[in-house]
Asks: 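First the structure, which I've put down as structure tokens, then a few questions once you've had a look.
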Amino acid sequence: MGGWPKPALRIGGQNLLERLAQAFRQAGVAEIGVVLGPYADVLQPLAVAAGAQPLLHAVHGPTLVDSQRLALQAHAARHPGRDLMLVLADLPLLTAAPLRALLQAWAARPAGVRALVPAVEGVQGHPVLLSWQAVEEIRLQPAEEGVRHWMAGHAAQVLRLPCSDPGHVFDLDTPEDLARLRALLHPAAVEGGPPLAP
């Protein structure tokens, strides 16, 4: 996104971290952690203001797997024995209703399912739900392996749940994604983002 911290994007005056934290709380998730890598100086105050626990990397230039493992480590330390929900912080359309539906599906999942992934028109989305057993097994993998590696090796234990809500898959990876979001939410104000091309 042109060297710009995506979770600081504001929609209707509310930054994306705050919007996501609010959605999760409305869905019944009481405690939220936010893994911070680049732009931690900008994002940490936003995370604190949103009532989330900032999780800061000790490594320079962390990868997605590094961030996943930091989240798993913090979860294991604070909530041993509990299941975990992992989500990316650049999902501007994710709201409480589809999160509640995921949690209901997780509670009613078939025996043997240890991970749940929403899928919209065949595209895997977020959040990913992991059982405590899956969390522990992922933590025991080699340092370079994350959630995707575990799911690839345990396909029979992963439920890919068909969903219709685009909030699960609409993320912000490019300036074009941001332009699509602005068009979709117009006339609501979408503020921030990389400078527009001349």
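Predicted, not measured: the structure shown is a model, and the values here were computed from it.
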Asks: When clusters are formed by joining ILVMFWY residues with side-chain heavy atoms under 4.5 Å apart, either directly or through shared neighbours, do Val48 and Leu55 land in the same one?
Replies: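 Shared cluster, no.
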
Asks: With Arg78, which residues qualify under salt bridge (charged side-chain N to carboxylate O under 4.0 Å, His left out), at least two apart?
Replies: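 With sequence neighbours excluded, Arg78 shows a salt bridge (charged side-chain N to carboxylate O under 4.0 Å, His left out) to Glu31, given in chain and number order.
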
Asks: Using the test salt bridge (charged side-chain N to carboxylate O under 4.0 Å, His left out), find all partners of Arg139 that sit at least two apart in sequence or belong to another chain.
Replies: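 Scan of Arg139 (salt bridge (charged side-chain N to carboxylate O under 4.0 Å, His left out), adjacent residues dropped) gives Glu136.
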
Asks: What pairs of residues pass the ring-ring contact (aromatic ring centres under 6.0 Å, His included) test when at least one of them lies in residues 166-189, not counting sequence neighbours?
Replies: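 Pairs touching residues 166-189 that pass the test: none.
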
Asks: Partners of Val169 by side chain to side chain contact (heavy atoms under 4.5 Å, CB included), sequence neighbours excluded?
Replies: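 Counting only residues at least two positions away or on another chain, Val169 forms a side chain to side chain contact (heavy atoms under 4.5 Å, CB included) with Val120, Val123.
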
Asks: Can you see which heavy atom on Ala96 is nearest to which on Ala23, and at what distance?
Replies: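 Of all heavy-atom pairs spanning Ala96 and Ala23, the closest is CB-O, 3.5 Å.
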
Asks: If you apply the rule side-chain contact (heavy atoms from CB on, under 4.5 Å), what do you find for Arg100 with Gln26, and how did you get there?
Replies: CA-CA 9 Å; Arg100 288 192 201 100; Gln26 289 172 349; 4.0 Å; yes

Asks: Please identify each residue that fulfils side-chain hydrogen bond (donor to acceptor under 3.5 Å, both in side chains) with Arg148, with sequence neighbours left out.
Replies: none

Asks: Restricting to non-hydrogen atoms, name the atom on Asp177 and the atom on Asp173 that form the minimum distance, rounded to 0.1 Å.
Replies: OD2-N, 2.9 Å

Asks: With sequence neighbours left out, what residues match Pro142 under side chain to side chain contact (heavy atoms under 4.5 Å, CB included)?
Replies: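 Partners of Pro142 under the side chain to side chain contact (heavy atoms under 4.5 Å, CB included) test: Glu144, Glu145.
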
Asks: For residues 57-66, dump all side-chain donor-acceptor pairs below 3.5 Å to protein atoms at least two apart in sequence or in another chain.
Replies:
from	atom 1	to	atom 2	distance (Å)
His57	NE2	Ser67	OG	2.9
Thr63	OG1	Val65	N	3.4
Thr63	OG1	Asp66	N	3.1
Thr63	OG1	Asp66	OD2	3.2
Asp66	OD2	Thr63	N	2.9

Asks: If you compare all heavy atoms of Arg25 against all heavy atoms of Ala50, which two are closest, and at what distance to 0.1 Å?
Replies: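 So the minimum-distance heavy-atom pair works out to NH1-O, 2.9 Å.
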
Asks: Group every Ile, Leu, Val, Met, Phe, Trp and Tyr by side-chain heavy-atom contacts under 4.5 Å, then state whether Val147 and Val135 land in the same group.
Replies: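 Looking at the clustering, Val135 is in the same group as Val147.
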
Asks: Minimum heavy-atom separation for Leu43 to Pro38, with atom names?
Replies: CD1-O, 4.1 Å

Asks: Name the atoms and distances for all side-chain donor-acceptor pairs under 3.5 Å in residues 87-95, with sequence neighbours left out.
Replies:
from	atom 1	to	atom 2	distance (Å)
Asp90	OD2	Lys6	NZ	3.0
Asp90	OD2	Leu172	N	3.4

Asks: Check whether any side-chain heavy atom of Phe24 sits under 4.5 Å from a side-chain heavy atom of Met85, and report yes or no.
Replies: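 Side-chain contact under 4.5 Å: yes.
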
Asks: Nearest 0.5 Å, what's the CG-CZ distance between Leu185 and Arg180?
Replies: 11.0 Å

Asks: Please find the pair of heavy atoms, one from Asp165 and one from Pro98, that lie closest to each other, and give the distance.
Replies: OD2-CG, 3.6 Å

Asks: Less than 4.5 Å apart, any side-chain heavy atom of Asp83 and any of Ser131?
Replies: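 In contact.
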
Asks: Can you see which heavy atom on Leu17 is nearest to which on Ala47, and at what distance?
Replies: CD1-N, 3.9 Å

Asks: Is there side-chain contact between Asn15 and Pro7, with heavy atoms separated by less than 4.5 Å?
Replies: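 Heavy-atom side-chain distance check fails, nothing below 4.5 Å.
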
Asks: Can you check whether Leu9's main-chain N or O pairs, donor with acceptor, with Glu191's side chain at less than 3.5 Å?
Replies: no

Asks: Does Val113 offer a backbone N or O that forms a donor-acceptor pair with the side chain of Arg109 under 3.5 Å?
Replies: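 Yes.
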
Asks: Does the side chain of Met151 come within less than 4.5 Å of Gln157's, by heavy atoms?
Replies: no

Asks: Nearest 0.5 Å, what's the CZ-CD1 distance between Arg182 and Ile11?
Replies: 10.0 Å

Asks: Could you name each residue pair satisfying ring-ring contact (aromatic ring centres under 6.0 Å, His included) that touches residues 71-95, not counting sequence neighbours?
Replies: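 Listed once each, the pairs are His75-His79.
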
Asks: According to side chain to side chain contact (heavy atoms under 4.5 Å, CB included), who are the partners of Glu137, at least two apart in sequence or on a separate chain?
Replies: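 Once residues adjacent in sequence are excluded, the partners of Glu137 under the side chain to side chain contact (heavy atoms under 4.5 Å, CB included) criterion are Arg114, Gln133, Trp150, His154.
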
Asks: Suppose we screen for side-chain hydrogen bond (donor to acceptor under 3.5 Å, both in side chains). Which residues come up paired with His149, at least two apart in sequence or across chains?
Replies: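 Once residues adjacent in sequence are excluded, His149 has no partner under the side-chain hydrogen bond (donor to acceptor under 3.5 Å, both in side chains) criterion.
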
Asks: Looking at residues at least two apart in the chain, or sitting in another chain, which of them share a side chain to side chain contact (heavy atoms under 4.5 Å, CB included) with Ala105?
Replies: Leu116, Leu161

Asks: Would you say Leu46 and Tyr39 are hydrophobically clustered, going by side-chain heavy atoms of ILVMFWY under 4.5 Å?
Replies: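 Leu46 and Tyr39: one cluster.
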
Asks: With clusters defined by side-chain heavy atoms of hydrophobic residues (ILVMFWY) lying less than 4.5 Å apart, directly or transitively, does Val158 cluster with Ile138?
Replies: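 They do share one cluster, since a chain of ILVMFWY contacts under 4.5 Å joins Ile138 to Val158.
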
Asks: Does a side-chain heavy-atom distance below 4.5 Å link Leu159 with Val117?
Replies: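 The answer is no, as the side chains (C-beta and beyond) never meet within the 4.5 Å cut-off.
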
Asks: Do you reckon Leu99 sits in the same ILVMFWY cluster as Leu129, going by side-chain contacts under 4.5 Å, direct or chained?
Replies: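 Linked within one cluster.
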
